[in-house]
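So the structure is just underneath, and the comments pick up after that.
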Amino acid sequence: MRREVHVRFCERLAVRLRGPTLPHISGKNGLGRFTVRRKTIRKRMRAKLRQIKQQLRQRMHDPVPQTGKWLKSVVQGHFNYYAVLGNLDSLGMFRDRVLGFWGHILRRRSQKHRLTRTRILTVADRWLPQPRVLHLYPQDRFAASHPR
């Protein structure tokens, strides 16, 4: 009961406060032990996806490699900031949404040739990075940079 109250309290704090971008939520690890979970705030992810969608609409007729380079830098930048342990589901969802927007824009470029899903996936594999954990827990990072 106490952990559930803590989770609800942390979620409310994450919505109200401007500071934390990854709210700390109590949870369990794979062994069933207590751990602190960190997730991307939905409001911020939706805002970033909205910006990407608008930019893709403006870049609709740019060459695919040029748009791919730009999208790669945007998605990698997002991953560089939000790629903490326990947040891979949100990162995968972010990549899938960006891929959906890009595929929609690519399909709208022409009336004659329809892009298949497999072709869009090959373009995505070429340009969009896969999510992976870049930041471990803070104590592990500190121990790695300051050995004793």
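Numbers here are sequence positions counted from 1. From a predicted model like this one, the values you see are computed outputs, not experimental measurements.
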Could you state the interatomic distance from [atom1] ([X]) to [atom2] ([Y]), rounded to the nearest 0.5 Å?
X    : Y    : atom1 : atom2 : result
W102 : R107 : CH2   : CZ    : 12.5 Å
Q66  : L71  : CD    : CG    : 11.5 Å
F79  : L88  : CZ    : CG    : 9.0 Å
M93  : T40  : CE    : OG1   : 8.0 Å

(Q) By the definition side chain to side chain contact (heavy atoms under 4.5 Å, CB included), identify the one residue from M45, R44, H135 that meets it with Y82. (A) R44
Q.
Which residues pass the side chain to side chain contact (heavy atoms under 4.5 Å, CB included) test with R108, not counting sequence neighbours?
A. R57, M60, H104
Heavy-atom side-chain proximity of [X] to [Y] below 4.5 angstrom:
X    : Y    : result
L121 : L99  : yes
V84  : L134 : no
W70  : D62  : no
R109 : V64  : yes

(Q) Taking CZ in R119 as the centre, count heavy atoms belonging to other residues, nucleotides or ligands within less than 6.0 Å. Is the count above 12? (A) no
Q. Can you list every pair that meets salt bridge (charged side-chain N to carboxylate O under 4.0 Å, His left out) and has a residue in residues 89-99, with sequence neighbours left out?
A. R95-D125
Q: Test side-chain contact (heavy atoms from CB on, under 4.5 Å) on F94 and I52 and set out the steps.
A: CA-CA 11 Å; F94 181 82; I52 291 173; 3.6 Å; yes
Q | Pair F34-K28, side-chain contact (heavy atoms from CB on, under 4.5 Å): steps then yes or no | A | CA-CA 5 Å; F34 172 78; K28 293 184 179 180; over 6 Å; no
Taking all atoms of both residues into account, what is the closest heavy-atom pair of [X] and [Y], and its distance?
X    : Y    : result
G103 : I120 : CA-CD1, 3.8 Å
L91  : P131 : CB-CB, 3.6 Å
I105 : L56  : CG2-O, 3.8 Å

Q.
Could you work out, with side chain to side chain donor-acceptor pair (under 3.5 Å) as the rule, every residue matching T67, not counting sequence neighbours?
A. none
